[in-house]
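So the structure is just underneath, and the comments pick up after that.
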Number of protein chains: 2
Amino acid sequence: MTNAGLNNQNLEHIRRICEDAGIKLTHQRLEIFKELMTAQDHPSAEDIHRRLQKKMPTVAIDTVYRTLATFDELGIARKLHLANNRNLFDTNLAPHHHFICDHCRKVDDIYWPDFDRTTLPAEISGIGRVRSRHLELHGLCTACLEQSGE
Amino acid sequence: MTNAGLNNQNLEHIRRICEDAGIKLTHQRLEIFKELMTAQDHPSAEDIHRRLQKKMPTVAIDTVYRTLATFDELGIARKLHLANNRNLFDTNLAPHHHFICDHCRKVDDIYWPDFDRTTLPAEISGIGRVRSRHLELHGLCTACLEQSGE
DNA sequence: GTTAATGCAAACGGTTTGCAGGGGT
DNA sequence: ACCCCTGCAAACCGTTTGCATTAAC
């Protein structure tokens with residue numbers, strides 16, 4: 001989730017990317033790309049597959065998995081491994097973290113540059129070299145807070 | 001991972017817990033408890049099952065899953081949902097986070113009270129109420145750093 | 001003797017794989 | 001025409017469930 005919708009620039013974008021990578025721009029890849037770029041949330045492979053049913057009733061779930069893996073490798077989207085065992089996809093390539101509603105499972109992007117810059121605890125140097133920080137804030141989103149009394 | 005090994009106090013401890021909870025102290029529960037308490041790492045259910053094979057060759061994997069879920073509910077151990085889709089168990093009940101080696105997959109406990117106390121970014125108030133912070137530091141542990149030519 | 005817990009087997013959900021046939025270059 | 005990509009089906013892995021048997025109280 002991130003993008004301001006699909007436009008011709010995106011279409012030219014994916015065409016270029018496929019060309020550069022030496023892979024074919026198939027109907028399935030194009031539609032999955034469009035679905036990703038217009039998604040307003042963090043969809044799973046199965047979400048994408050379900051949403052494509054209307055346009056492409058014959059697309060197979062394994063094609064969706066393969067295509068999303070390809071997009072992840074090409075840097076178009078990023079596969080999120082969240083701690084609740086859900087693999088979601090994110091087109092927001094900027095550094096950010098996530099807020100996860102434990103009730104409705106909605107995932108929101110969180111920006112916290114101050115935290116990203118914070119010095120790590122000294123003990124970590126004895127354990128290894130840190131390459132990335134994965135932060136999830138868990139709680140209840142405003143909608144679920146209101147709904148569940150109060 | 002946390003404990004200083006198994007002793008009679010632990011045995012009396014699990015007996016009390018089962019009694020208080022109104023559940024039976026079975027041979028399986030006792031052995032799984034001992035395995036957890038002596039573990040020097042963060043074992044998965046399948047790790048526990050494998051390690052028990054010597055002592056209890058007939059113990060079933062589903063019993064291990066059920067028992068670990070029970071221990072999680074009783075507060076003896078905590079089920080960790082890590083972002084690499086592995087469900088591990090931790091007997092360290094103190095607030096802490098984890099360092100995960102992306103090469104050998106070792107998991108180390110990290111204490112970072114300064115971070116735990118840090119004020120969240122202002123934008124979060126518009127998204128929901130945070131109840132917990134899940135932090136994973138990813139990288140390479142010292143052993144893997146040396147080994148891989150550093 | 002009751003009742004809860006175990007072992008077995010089978011199902012589960014999400015994901016991946018081998019393969020033959022179809023579509024893009 | 002070539003070969004990559006797709007769809008199908010089946011396997012996969014970790015986990016869960018229903019059920020009859022077993023063992024703790």
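Note that these values count all heavy atoms, side chains included, but never hydrogens, waters or copies made by symmetry. So you know, we letter chains A, B, ... as the sequences are listed, proteins then strands, and number each from 1. Since we're looking at a predicted model, the values are computed, not measured.
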Revision key, fill the gap. Expected list for residues 46-57 of chain A near DNA chain D, using heavy atoms below 4.0 Å, is none

Check your understanding: To the nearest Å, how far apart are A/N85 CG and D/dC13 P?
Key -> 17 Å

**Study point:** Residues A/E19, A/R16: salt bridge by 4.0 Å N-O rule
**Key:** no

Point to revise | Distance test, side-chain N/O of A/T26 to OP1/OP2 of C/dG24, below 4.0 Å | key: no

Check your understanding: OP1, OP2 of C/dT6 versus side-chain N and O of B/T63: anything below 4.0 Å?
Key -> no

Check your understanding: From the list D/dC25, C/dT6, C/dG7, which nucleotide is the closest neighbour of the side chain of B/V59?
Key -> C/dG7

Practice item. Under the ring pair (Phe, Tyr, Trp, His ring centres under 6.0 Å) rule, collect the residues that match up with B/H96, sequence neighbours excluded. Key: B/H98, B/Y111

Cut-off 3.5 Å, no hydrogens considered: what does the side-chain donor-acceptor table look like for residues 114-122 of chain B, sequence neighbours left out?
residue, atom, partner, partner atom, Å
B/D114, OD1, B/R117, NH2, 2.9
B/D116, OD1, B/H97, NE2, 2.6
B/T118, OG1, B/D114, O, 2.8
B/T118, OG1, B/F115, O, 3.2

What pairs of nitrogen or oxygen atoms, one from the protein and one from nucleotides 16-22 of chain C, lie under 3.5 Å apart?
none

Side-chain donor-acceptor contacts of residues 72-84 of chain A below 3.5 Å, not counting sequence neighbours, with atom names and distances?
residue, atom, partner, partner atom, Å
A/D72, OD1, A/K79, N, 3.0
A/R78, NH1, A/L93, O, 3.4

Check your understanding: Closer than 4.0 Å, any side-chain N/O of A/T58 to the OP1 or OP2 of D/dT6?
Key -> no

Review point. Got more than 12 heavy atoms from elsewhere within 6.0 Å of NE2, B/H138?
Key: yes

Point to revise | side chain to side chain contact (heavy atoms under 4.5 Å, CB included) partners for B/S44, two or more places apart | key: B/E46, B/D47, B/L88

Exercise for review: Please state how far atom NE2 in B/H27 lies from atom P in D/dA24, giving the value in whole angstrom units.
Suggested key: 9 Å

Review point. How would you list, by chain and number, every residue that makes a side chain to side chain contact (heavy atoms under 4.5 Å, CB included) with B/A69, sequence neighbours excluded?
Key: none

Practice item. Could you state the atom-to-atom distance from CD1 of A/I23 to C1' of D/dT6 in whole Å? Key: 13 Å

**Study point:** Test salt bridge (charged side-chain N to carboxylate O under 4.0 Å, His left out) applied to A/R66 - qualifying residues, sequence neighbours left out
**Key:** A/D62

**Study point:** Angle by which the axis turns from one end of the helix from C/dG1-D/dC25 to C/dT25-D/dA1 to the other, five pairs per end, to 10 degrees
**Key:** 20°

Practice item. Quickly work out the B/L82 CG to D/dG14 P distance and round it to whole Å. Key: 15 Å

Practice item. Determine: side-chain N/O of B/N87 to OP1/OP2 of D/dG14, distance under 4.0 Å, yes or no. Key: no

Review point. C/dT15 C1' sits how many Å from B/R86 CZ, rounded?
Key: 18 Å

Practice item. For B/E19 and D/dA24, give me the distance from atom CD to atom C1', rounded to whole Å. Key: 13 Å

Practice item. Considering only Ile, Leu, Val, Met, Phe, Trp and Tyr, and joining two whenever side-chain heavy atoms are under 4.5 Å apart, list the other residues clustered with B/I61. Key: B/Y65

Point to revise | Separation of atom CD1 in A/I14 from atom P in C/dG24, rounded to whole Å | key: 15 Å

Check your understanding: Under 4.0 Å: is that the gap between some side-chain N or O of A/Q28 and OP1 or OP2 of D/dG7?
Key -> yes

Exercise for review: Could you state the atom-to-atom distance from CZ of B/F89 to C1' of D/dT15 in whole Å?
Suggested key: 11 Å

Point to revise | Residues which pass side-chain hydrogen bond (donor to acceptor under 3.5 Å, both in side chains) with B/H134, listed by chain and number, not counting sequence neighbours | key: B/E136

Review point. With A/A143, which residues qualify under side chain to side chain contact (heavy atoms under 4.5 Å, CB included), at least two apart?
Key: A/C141

Practice item. May I ask you to decide if B/R105's main-chain N or O and B/R86's side chain share a donor-acceptor pair within less than 3.5 Å? Key: yes

